[in-house]
Amino acid sequence: MSDVVEKTLTALPSLLSLDSQPGSAKLSSNSKLGNLIRGITELTSKHEEEKLIQRELLLIKEQVSSPNTTMRQMKELMVRAIYCEMLGYGVSFSYIHAIKLAQQGNVLEKRVGYLAVSLFLNEGHELLLLLVNTVLKDLQSTNLIEVCMALTVVSQMFPKDMIPAILPLVEEKLNHPKEIIRRKAVLALYKFYLIAPNQVQHIHNKFRKALCDKDPGVMSASLHIYLQLIQENPEGYKDLAPSFVTILKQVVGGKLPMDFNYHSVPAPWLQIHLLRILSLLGKNDQSTSEIMYEILDESLRRAEMNHNITYAILYECVKCIYTIHPKSDLLEKAAKCMGNFVLSPKINLKYLGLKALTYVVQQDPKLALQHQMTIIECLDHPDLIIKRETLELLFRITNDQNVTVIVEKMLDFLRISEDDHTTIDLVGKVAELAEKYFRTYAPDNEWFIDTMNTVFSLGGDLLQPDIPNSFLKLLSEGFDSVEEDKKLRLFAVNSYISLLQGDSSKLPQRFLQVICWVLGEYSHLREDLEPGVVVRLLAKLLDMKSSSSETKCWVLMAMTKLCPGGAALALVHDVSETYSSSLDTMLRQRAQELQILSQDSELQAKVLPRSASMEPVEVDSSLSFLDGFVSEALAAGAAPYKPPHQRQEELSRSKALNLEPYGLSLPISISSCSITDRQSPTLLSISSGLSGDSTDFSHKGSSTALKLDGVKRLWGRDGYLAQKEQTEEAPRIEAASAVRSADQLGDNNASNSQTPNPTPSPECDQEKQQLASSLFVGLASQSFLHQMGKSDPTSQRFRRKTKASGSAEQITDPLVSPSDGSDNLLYKSLLDSLDLDVSPPEQTAGLVAPNGSCDAEEEPADADVKEIETPPVRDERVTAEASPHDDPDGSKDPSLASHLPAELSALSHSKVTLLFSKQNLDVSACHVQKEDSVVLVVFISNCSDSFLQQIRLQVDSEELEVSCVSDCPSEELKSHSVAVCQYFLTVKRPSVHFDLSATVSWQPPAGLPLTTQFSYRLPLATFVRALKLSTEEYGAMWLAFSHDTKQNLTLIHDGWDPLAATLDVLKRKLQLHVVEIIGVEAIVACCLQQDQPCLMHCRMHAGMLAVWLRSPVPDLPDCLLYCCQRALQEL
Amino acid sequence: NRWRKLRFLLLFNRQGKLRLQKWFVPTSDRERKKVIRDMIMLVLPRQPRTCNFLRWKDLKIVYKRYASLYFCAGLEEQDNELLALEVLHRYVELLDKYFGNVCELDIIFNFEKAYFILDEFLMGGEVLETSKFAVNVSMEQADTLQE
């Protein structure tokens, strides 16, 4: 079949020219899309294409917003918009119309609407909220196709918090008579399970029903859910193992309808799912494994057809056999089967064979021996991906005899690899091997330092920070033998001196930093070396343009440790002079230290003692050593320290000057003054205790990029070969094959004997034999079989996390901005067309709005409205202060509250406040607190008897991220009607209050357009949500957060327990979550958004409540503390 | 740690023109553009008869060329590349069955149909329906409604 496709598709180039050939006639070339495509094809330059598309987009934009466009035309326009979007042009204006099309079109138009929505909008897009009702309606439709479409779109993207709205309907579909509906419903539930597992917890028994469905398709779909569930909790589903085995038996036995066959293989996707499930269930479980041996054996036997899909099944089968409790004859068969992969001339199969081998050598390293020649061939394969995969395999069979060869191979690959991701990954592995084997077997200083040098040079600045860290740690901690340690350090010093004497401008910054540290620390070990020489070499780095200021800091630190005399001292002076006026504060600090310490050698020796490099430093993070200084200053009349929020409050009371932009200062961070002592940075031990009195600062933000906390020693002295211990445990299995491979090794050692694999020339052959004996040495001697499923320490280590890959994902959602140049055109034409039915302005002005809300007396007392013509005066703008927990019933204008969108009306909202009223236009607003967000709802009501047009609302804030959920839905507002706009608010920067400034503009029936500004204020409390944590999680988070503040608060002394009473108030007013109360102490947690937590520790002490807040977000502790103060004062 | 089959599916031609894009996990516009650009740069220079699997960042890329069109899928590390290759193949077969001797032009001019077929075949990145017959029936049902 694929040949047919190939053949027909090769005829394409002639068709592509799009001449008036008969072949292109059927391709609806006279449609508008056809014209567009043809137009683009004819263009020669990218620039022309851009012009054409922009023109096209203008046209589409005009038509989609025209009221006369039918849904049929809309469908056609949407297809064109999708096409333009695929070419990479923004079509955000059409998003809302796509939703409309899905809402209002007939089945086919709807389908295009849904398609456009699923292509345009991302899972988190705000506009998706508008889709909820449409989906609800379609799920209840009697038309099967509509139901299918709704289920499809639901499984692609659905707002997480709206799942409860449609969940019952989707569940209902599990009982639908049509199997396709049931199947889609199961997959939709699977999707829900993935994005919101808690919400589908109650329907687990329905999944079981789906598993027993009479339609194999539905059963097959339910396996997706089971695979996920079993992966999370294999123990909970052991009882299902026999059922899965039976299903697999039936599938393999060809009991399914022919429909499920794929190239005459019965239901391969289903088989693979079952094999994966079985491997999860059989892992570490002998009795469960035993019931699957038979079917696995049969699967291996049955899959003999030579087709990709059978190989895909075999691959899963082999993996399964090697994952579950081992059975020797099955293992043998699986190994043989894998041999077919590896030996296959088809490159894809070879690749998969290598991958399978990589998986199984973790259990049984000598399997690699059987395929050593193939592996060596793959190592020289022209296709890099094969090479890469081979290295992955070699990495896992490394032992102390072949490590140097394997590392060399990896470094060779690194030199030609251009892919950053691969580089980071491989560099990490090389460093890991170098370190591990350096620690475990006879230390070879030269090899180790050279390898690490290559790692640092090749890895460049992509290197994971823990590699230099653990390298330096290794150097500074050393081994048991002092003499050996000295040799190693000396070797490193020599190596670096010669590197610096060469061209050092090409060396990566991280490497330079390592060099600086080592030279600063250990160059004194080389007795023939004058410190002055080292200082001069280091000074050269300062002059290089490529050196970052961070590297310069390291250079200065190294110089500080070196304490040269003579001519070099003058150089040091020059350097410290130069950099003490640097703009970089870190650099300035280092320069100051250098200046002072280089002049006072006694002090230098005291601060940076050479011999003390092994003793941990206690950091007094409470800064208690400053107590004397503070009390002296206070005695001398200095003002006592006030936390920033308190200062801000006092300032705002006095109102003398508006210093708002400077109001919040950062909490002091010790991180900017780390210590330049003669220490391995890893040895900084930071004492930490939850209820201690001293403030602990974590050194997270420290400018030294070598982040040293959390670096684990992943390799013990026994290293990767920890399996040695098991040699006694499991040698009985597979004794036969061990003998065989030992024989083979003997062959290799003989080196001139024959191998079963054909090789091109005897010379080449010998070379390869040699390589083979160096690569696979030591494998046969370890006749051990890794206990199945015993988690291998290496397997976690293989997957190093790389930070670089995630960085691109931090992109904020694009906001829908409907205004651009084309608006002017629309604006004019609208004015023209509406000239006729517009009433004169006097008439409008004379009409009194029936609800009287435009009466000036009803405005808030402190409100004043300024036209845009007069320069806006900051203090005189309309300000509405809204409190978060006002009773909705007490709202000023209950009629407006009824305009709240359906999905918000159930939630508690603040009082609807009239913000201003002018020229028959009233603007009111309230905010709604959703579970994880805050929505601002603005009501624009037209109190006149005539149309208002061109209504525009723009909302902005400095501290808040404002994103539009639904802009004014209509450009014009009918008389006595209300337009509702919604905005999602998220916190950009914490503040005590958040001010939103908004501009509304509109066009009265006659006269000039008017613009008014107003503002709306929300307290921080609106955004605070309870953060449900366990005490353990709390403890872990507490230590990780760097911004904190402390203060004493007044306790509330009513009732029997002041602590509980006070916490109760805070809980009620600020929605804080009390994690635990222990005696006189309590821990409390809350968060702004999911990612902005704030933790609070309270302790009753001397009639006050001593609170201590911590958060990763700057300013948040201060602001929250202020809120707590206010909440307690207001009682 | 999820067993998600596919992250994305892209169709582009030898000239590097995108013909179809499907994202099975939420991906921002910028990320999408980057992936598309990288995939085209990665796949187009590949020689015939080389491996159909590639690495890109932490993903496995599986691609296959059918005449002038490249079908390219991104999947997660632990997934089965060979199976993904067959997913691409089955999609081509489905297109072929529907259009009858499918060619690039069919997909250009009727790309919405190509998307609909894909939606019948895969749902949320998982294989939903492997039967050519069944997919064709649901496509025809929808098409008859149009008339």
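Order of the sequence lines fixes the chain letters, A, B, ..., with proteins taken first and strands second; residue numbering starts at 1 for each chain. Below, each value reflects all heavy atoms present in this structure, side chains not excepted, and no hydrogens, waters or symmetry copies.
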Chain B contact via His381(A) - side chain, backbone, both or neither, heavy atoms under 4.5 Å: neither

Salt-bridged, Glu392(A) to Arg55(B), with N to O below 4.0 Å? yes

For Leu83(B) and Tyr315(A), run side chain to side chain contact (heavy atoms under 4.5 Å, CB included): C-alpha distance rounded to whole Å, both residues' side-chain angles, the deciding distance at 0.1 Å, then the answer. CA-CA 10 Å; Leu83(B) 192 65; Tyr315(A) 171 77; over 6 Å; no

Quick check on Leu352(A) against chain B: is it the side chain, the backbone, both or neither that has a heavy atom closer than 4.5 Å? side chain

Any residue meeting side-chain contact (heavy atoms from CB on, under 4.5 Å) with Ile40(A), in chain and number order, not counting sequence neighbours: Leu36(A), Glu49(A), Leu52(A), Ile53(A), Tyr83(A), Leu87(A)

Checking Val112(A) against chain B: side chain, backbone, both or neither under 4.5 Å from a heavy atom? both

Mind ranking Val87(B), Leu54(B), Leu128(B), Asp119(B) by heavy-atom pairs under 4.5 Å with chain A and telling me who comes out on top? Leu128(B)

Judged by atom type as modelled, is there a donor-acceptor pair below 3.5 Å linking the side chain of Asn308(A) to the main-chain atoms of Leu82(B)? no

Judged by modelled atom types alone, do Glu93(B) and His263(A) share a side-chain donor-acceptor pair under 3.5 Å? yes

Which of the residues Gln156(A), Lys350(A), His224(A) is involved in the greatest number of heavy-atom pairs with chain B at under 4.5 angstrom? His224(A)

For Asp383(A), is it the side chain, the backbone, both or neither that has a heavy atom under 4.5 Å from a heavy atom of chain B? side chain

Any side-chain donor-acceptor pair under 3.5 Å between Glu81(B) and Asn348(A)? no

Worked check of side chain to side chain contact (heavy atoms under 4.5 Å, CB included) between Asn122(A) and Arg32(B): CA-CA 11 Å; Asn122(A) 243 324; Arg32(B) 285 183 186 193; 3.8 Å; yes

What verdict does the side chain to side chain contact (heavy atoms under 4.5 Å, CB included) test give for Ser131(B) and Met258(A), after you've listed the backbone C-alpha separation in whole Å, the side-chain angles of each residue and the deciding distance to 0.1 Å? CA-CA 9 Å; Ser131(B) 158; Met258(A) 290 292 281; over 6 Å; no

Heavy-atom distance under 4.5 Å to chain A: side chain of Phe53(B), backbone, both or neither? both

Output the distance between atom NZ (Lys17(B)) and atom CE (Met86(A)), rounded to the nearest 0.5 Å. 10.5 Å

Contact leader toward chain B among Asp420(A), Asp419(A), Ile272(A), Ile313(A), where contacts are heavy-atom pairs under 4.5 Å: Ile272(A)

Identify whether the distance between the nearest side-chain nitrogen and carboxylate oxygen of Glu120(B) and Arg111(A) falls below 4.0 Å. yes

Does the pair Asp79(B)/Arg276(A) count as a salt bridge with the N-to-O cut at 4.0 Å? yes

Heavy-atom nearest pair, Phe109(B) first then Gly34(A), reads CE2-CA, 3.5 Å

Cut-off 4.5 Å, heavy atoms of chain A, and the answer for Lys60(B) is side chain

Give, as side chain, backbone, both or neither, the part of Glu109(A) having an atom under 4.5 angstrom from any heavy atom of chain B. neither

Applying ring pair (Phe, Tyr, Trp, His ring centres under 6.0 Å) to Tyr114(A) and not counting sequence neighbours gives none

Contact residues of residues 36-50 of chain B (partner chain A; heavy-atom separation under 4.5 angstrom): Arg46(B), Arg49(B), Thr50(B)

Test of understanding: with side-chain contact (heavy atoms from CB on, under 4.5 Å), list the residues that count as partners of Ala267(A), not counting sequence neighbours. Val251(A), Leu256(A), Phe260(A), Leu270(A)

Which is it for Met123(B) and Arg183(A) under the side chain to side chain contact (heavy atoms under 4.5 Å, CB included) test, yes or no, and what are the steps along the way? CA-CA 10 Å; Met123(B) 195 164 157; Arg183(A) 203 182 292 186; over 6 Å; no

With only heavy atoms counted, which part of Lys184(A) is less than 4.5 Å from chain B, the side chain, the backbone, both or neither? both

Taking side chain as everything from C-beta outward and backbone as N, CA, C, O, which of these in Leu144(A) sits under 4.5 Å from a heavy atom of chain B? Side chain, backbone, both or neither. neither

Tyr262(A) and Thr130(B), any side-chain heavy atoms less than 4.5 Å apart: no

Region of Leu349(A) that comes under 4.5 Å of a non-hydrogen atom in chain B: side chain

